[in-house]
Structure formats: structure tokens, C-alpha cells
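A quick write-up on the structure given underneath.
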Protein chains: 2
Amino acid sequence: MPKLGMEPIRKAALVKATIVEIGRAGSLDVTVSQIAKRAGMSSALAHHYFGSKEDMFLAAMRHILSLYGAEVRGALAAAGDAPEARLQAILRASFSPGNFRREAVGAWLNFYVLAQTVTEARRLLSVYQRRLRSNLMSDLRLLVGPRAPAVAAALGALIDGVYLREALKDGPPDSAAAVAVVMEFLTTELGKQS
Amino acid sequence: MPKLGMEPIRKAALVKATIVEIGRAGSLDVTVSQIAKRAGMSSALAHHYFGSKEDMFLAAMRHILSLYGAEVRGALAAAGDAPEARLQAILRASFSPGNFRREAVGAWLNFYVLAQTVTEARRLLSVYQRRLRSNLMSDLRLLVGPRAPAVAAALGALIDGVYLREALKDGPPDSAAAVAVVMEFLTTELGKQS
DNA sequence: AAGTTTATTGACTCGTCAATCAACAAAAAG
DNA sequence: CTTTTTGTTGATTGACGAGTCAATAAACTT
């Protein structure tokens with residue numbers, strides 16, 4: 001009983017299922033059948049809409065990164081002009097419960113691995129890193145002047161590191177704790193002992 | 001022409017080959033045959049000495065972590081008693097060219113992924129993290145007192161994050177740059193603007 | 001109504017790979 | 001010098017999984 005206009009619905013379901021399955025498995029070793037099953041369709045249909053497994057992975061990556069981008073953009077728009085507030089907004093968005101869920105974090109780690117072999121995945125991650133860096137820099141320049149590049153590099157790496165450790169630890173993710181770890185660095189760096 | 005006492009030699013060759021192959025491939029998707037070939041033997045022999053592929057991976061992990069542990073221990077022994085010097089020693093050891101080679105960094109990232117699925121791998125990583133934390137804490141307590149736990153958490157995550165970014169970027173690894181990123185954080189945190 | 005496009009799947013192909021086995025060789029033990 | 005232990009491999013097994021295909025059906029077009 002084929003309804004028309006299924007394509008976007010199916011694709012969205014597959015993207016979501018891909019992220020969940022990668023997060024569950026904790027690796028890219030998930031079969032197209034697993035993903036398709038979770039999305040409620042046959043593996044053949046998954047291949048019909050995305051040409052290949054790799055394309056599914058890339059679509060899932062784009063989805064996660066675009067969610068993240070939207071979250072940051074929104075937080076920045078609501079943060080006004082004060083550089084400290086903007087930096088805090090970026091950090092809170094980075095660890096907002098939306099991005100900082102088990103499956104998302106597990107998937108994210110595996111996208112780093114994917115970027116080792118798949119050029120397009122690497123490109124996507126680079127774009128995200130550059131955007132983050134440029135966001136951080138514009139506010140840091142106003143606050144720490146010439147030390148901005150070094151601070152931005154450390155902040156970027158620190159965010160990734162917190163994600164990495166979250167993927168390893170057991171128990172539910174803790175946004176607040178993650179933000180606290182990064183804020184420890186940031187407040188000291190800005191010279192205001194909280 | 002079988003020489004006797006091959007076991008340790010073969011095992012060492014396999015461990016080394018495992019690390020290289022994982023680093024090259026940028027994923028755990030390496031075949032036992034590839035590893036065995038690089039180590040100069042048949043895949044059957046690899047299975048003979050290690051019971052399974054997973055055992056090879058774990059042996060490789062233990063090897064990398066024990067190299068790292070030895071490096072840190074050595075650096076600490078040579079660092080005297082001054083807490084600042086000891087912290088610097090840990091950082092420099094963490095990014096010493098011995099650990100901070102392409103293959104090792106690539107393999108290390110993939111061991112994080114392995115830890116998602118293989119309990120023993122997770123255990124090994126936890127041990128390493130606990131040891132690092134305890135090393136950092138003992139010196140940080142003397143320097144930043146009650147803030148030691150927070151600073152140690154951030155430092156640990158930062159080190160992992162720098163590794164992670166190293167795995168993604170192209171071009172040869174740069175120990176000095178990596179140390180500089182972390183030192184930016186540490187010197188500010190210790191209150192001495194370099 | 002006939003033809004075309006879209007949705008959907010079960011069955012199949014084809015390759016890959018971990019793990020096992022049978023067999024052979026050389027050294028050590030008796 | 002025979003028996004056991006250690007080292008070694010080519011060939012094989014058995015499973016699994018990505019991607020293809022033919023077939024079926026509902027909807028849209030003319």
C-alpha cells in the first residue's frame with residue numbers, strides 16, 4: 001500500500017536509526033539490516049533511498065552536525081553582545097542535553113573514526129571545527145587579545161576531550177558536569193576566579 | 001626450519017604489526033591476514049599464538065599503554081620534587097614523540113572505540129585514566145588546593161582531546177605544538193603568565 | 001483503460017574473513 | 001632412533017553481510 005512522498009520520511013527514519021544503532025553498538029560495525037529494521041523497513045529499501053551504507057553514515061553525520069550548528073546559532077542569537085555570555089552560550093550549547101545524549105556521543109566518536117577513512121566525513125568534521133574555532137576566536141579576541149589563538153585551540157580540544165570521556169564512562173551523561181569541567185578552564189583563563 | 005623459542009618474538013611482531021595496521025587503516029577493520037603478513041607469517045600462525053583477533057587487539061592495547069606508563073614513570077623519576085616540574089614532565093611524556101606517532105595516535109583512537117564493546121579494553125583504559133588522574137592530583141593539590149579535582153578533570157580531558165584532534169588533522173604530528181596547547185591551560189591555571 | 005512512476009520486499013549473488021584442521025618439519029627428550 | 005613437543009602453513013569451513021534484481025502493488029498521468 002504505497003503512499004507517495006515517502007522519500008523524506010524514510011530517509012529521516014533511516015538517519016535517526018543509523019545514529020541510534022551506531023550509538024548502541026559503539027562502533028560502525030552495524031549492518032544495514034539492523035538499521036533498516038529499527039527504521040521499520042527492509043534493507044533493500046534502505047539501499048534504494050541511500051545508495052550505500054557509507055551514504056547513510058554521511059547523512060547521519062550531517063544531521064548531527066547540523067543539529068549542533070543550529071543549537072549554537074540559536075544560543076548565540078539569544079546571548080546578546082557580551083563576549084563572556086557568548087562564550088558560555090557556545091559551551092552550554094555544545095553540551096546541551098540535545099547533543100549530549102548517549103547515542104549521539106557514541107555516534108560522534110565513531111564519526112571521528114569514519115573521518116580517518118572517508119574523505120567526505122573528514123571534510124564535514126573540518127567544517128565543524130573551523131566554525132567552532134571562528135566562533136570562539138571572535139569573542140576571545142575581545143577578552144584575551146593575542147592569546148586568543150592558543151586559548152581557542154585549547155578550548156576546542158577540551159570540548160572534544162570531554163565528549164570522548166563521556167563516551168567511555170558508564171552511567172547517564174551529565175551535561176552540567178561537562179559544562180563545569182570546561183568552565184573551570186574558561187573562568188580561570190578569563191581571569192575571573194568564580 | 002623452526003627455531004625454538006619463537007613465541008615471544010612472534011607475539012611481539014604481531015603486536016607491533018597490529019598497531020601499525022590499525023593506524024594505517026584508521027579503523028579496527030583490519031584482517032588477521034593483513035596483520036600476519038606485515039609481521040611476516042601466516043594468519044594461521046597468528047591464530048596459533050593469540051587465540052583470536054580480539055586477543056591481538058588487547059595485547060596491542062596493553063603494549064601501548066605500558067609504553068606510555070613507562071614513559072611517564074621515567075619522566076617523573078627524572079623530574080625531582082617540584083610539583084610544577086612534575087606536571088610538566090607528565091605532559092611532555094604524554095606527547096613525547098614515542099607515543100605521539102601517527103600510527104600510535106590512530107591506534108589509540110580506535111582503542112577508545114574498542115572499549116565501547118570489549119569489557120577488557122574498557123578496563124584497560126580506565127586503569128590508564130585513573131593512574132593519570134592520580135598522578136595529576138598529587139601535584140595539583142600542592143599547587144591549587146581544593147581546585148585540584150576540577151583542574152585534573154579538565155587536564156585529563158584536554159590531553160585526550162589533543163590526541164583526538166591529532167588523529168584527524170593531516171600532516172605529521174607535532175609534539176611541541178601539542179605540549180604548547182596544554183601548557184597554555186596549565187600555566188594560566190597555576191597563575192603564572194608566561 | 002493503458003502506461004508510467006513510486007514504494008516495497010524476499011530471494012539471491014558474490015565476496016570476505018575468522019577460525020579450524022590436517023599435514024609437514026625440525027628440534028628435544030627418552 | 002623413535003616419540004613428543006614446538007613451529008609452521010595451505011586449504012577449508014562456515015558465517016555473515018553489502019548490494020542487486022525480479023516481482024508485486026498502489027498511486028498518478030494521459
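As the structure is a computational prediction, the values presented were derived from the model and not from experiment. Per chain, numbering begins at 1; letters A, B, ... match sequence-line order.
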Next on the checklist: Starting the side chain at C-beta, find the nucleotide from dT9(D), dT9(C), dT8(D) nearest to M6(B).
Outcome noted: dT8(D)
Item to check | Rounded distance [0.5 Å steps], CD1 in I35(A) versus OG1 in T31(A) | outcome: 7.0 Å
Checklist entry - Considering only dA18(C), dT8(D), dA7(C), which nucleotide approaches the side chain of V32(B) most closely? => result dA18(C)
Checklist entry - So, S96(B) and Y68(B): side-chain donor and acceptor under 3.5 Å apart, yes or no? => result no
Item to check | Rounded distance in Å - CD1 (I35(B)) to P (dC17(C)) | outcome: 12 Å
Next on the checklist: Expressed as a whole number of angstroms, how long is the span from D55(A):CG to dG19(D):P?
Outcome noted: 9 Å
Checklist entry - Just checking G51(B): base, sugar-phosphate only, or nothing, at a heavy-atom cut-off of under 4.0 Å? => result nothing
Next on the checklist: Counting runs of three or more consecutive pairs, Watson-Crick or G-U wobble, with each distance below 3.5 Å, where are the stems of DNA chain C?
Outcome noted: C:1-30 with D:1-30
Item to check | Between C1' of dG7(D) and CD of E7(B), the distance in whole Å | outcome: 11 Å
Checklist entry - So, the side chain of T18(B) versus the backbone of M56(B): is there a donor-acceptor pair under 3.5 Å, distance only? => result no
Checklist entry - Do you reckon V72(A) sits in the same ILVMFWY cluster as Y128(A), going by side-chain contacts under 4.5 Å, direct or chained? => result yes
Item to check | Of the listed nucleotides dG7(D), dC21(C), dA7(C), the one nearest the side chain of L4(A) | outcome: dA7(C)
Checklist entry - For Y49(A), which contact category applies under a 4.0 Å heavy-atom criterion: base, sugar-phosphate, or nothing? => result sugar-phosphate
Checklist entry - Atom CG of L45(A) to atom P of dC21(D): distance rounded to whole Å? => result 17 Å
Checklist entry - Is the F57(A)-F111(A) ring centre distance short of 6.0 angstrom? => result no
Item to check | K53(A) NZ to dT20(D) P, straight-line distance once rounded to whole Å | outcome: 14 Å
Checklist entry - Base, sugar-phosphate, or nothing: which does T31(A) touch, judged by heavy atoms less than 4.0 Å apart? => result sugar-phosphate
Item to check | Within-4.5 Å side-chain heavy-atom neighbours: L109(A) and L109(B) | outcome: yes
Checklist entry - With sugar-phosphate meaning primed atoms plus P, OP1 and OP2, does S52(A) contact a base, only sugar-phosphate, or nothing at under 4.0 Å between heavy atoms? => result sugar-phosphate
Next on the checklist: If hydrophobic clusters are built from ILVMFWY residues whose side chains come within less than 4.5 Å, do V127(B) and V113(B) share one?
Outcome noted: no
Next on the checklist: Nearest whole Å is fine: how far is dG17(D) P from Q34(A) CD?
Outcome noted: 7 Å
Checklist entry - Between dT8(D) atom P and K37(B) atom NZ, what is the distance in whole Å? => result 19 Å
Checklist entry - To the nearest angstrom, how far is E54(A) atom CD from dA18(D) atom C1'? => result 13 Å
Checklist entry - If only side-chain N and O atoms of R10(A) are considered, is one of them under 4.0 Å from the OP1 or OP2 phosphate oxygen of dT8(C)? => result yes
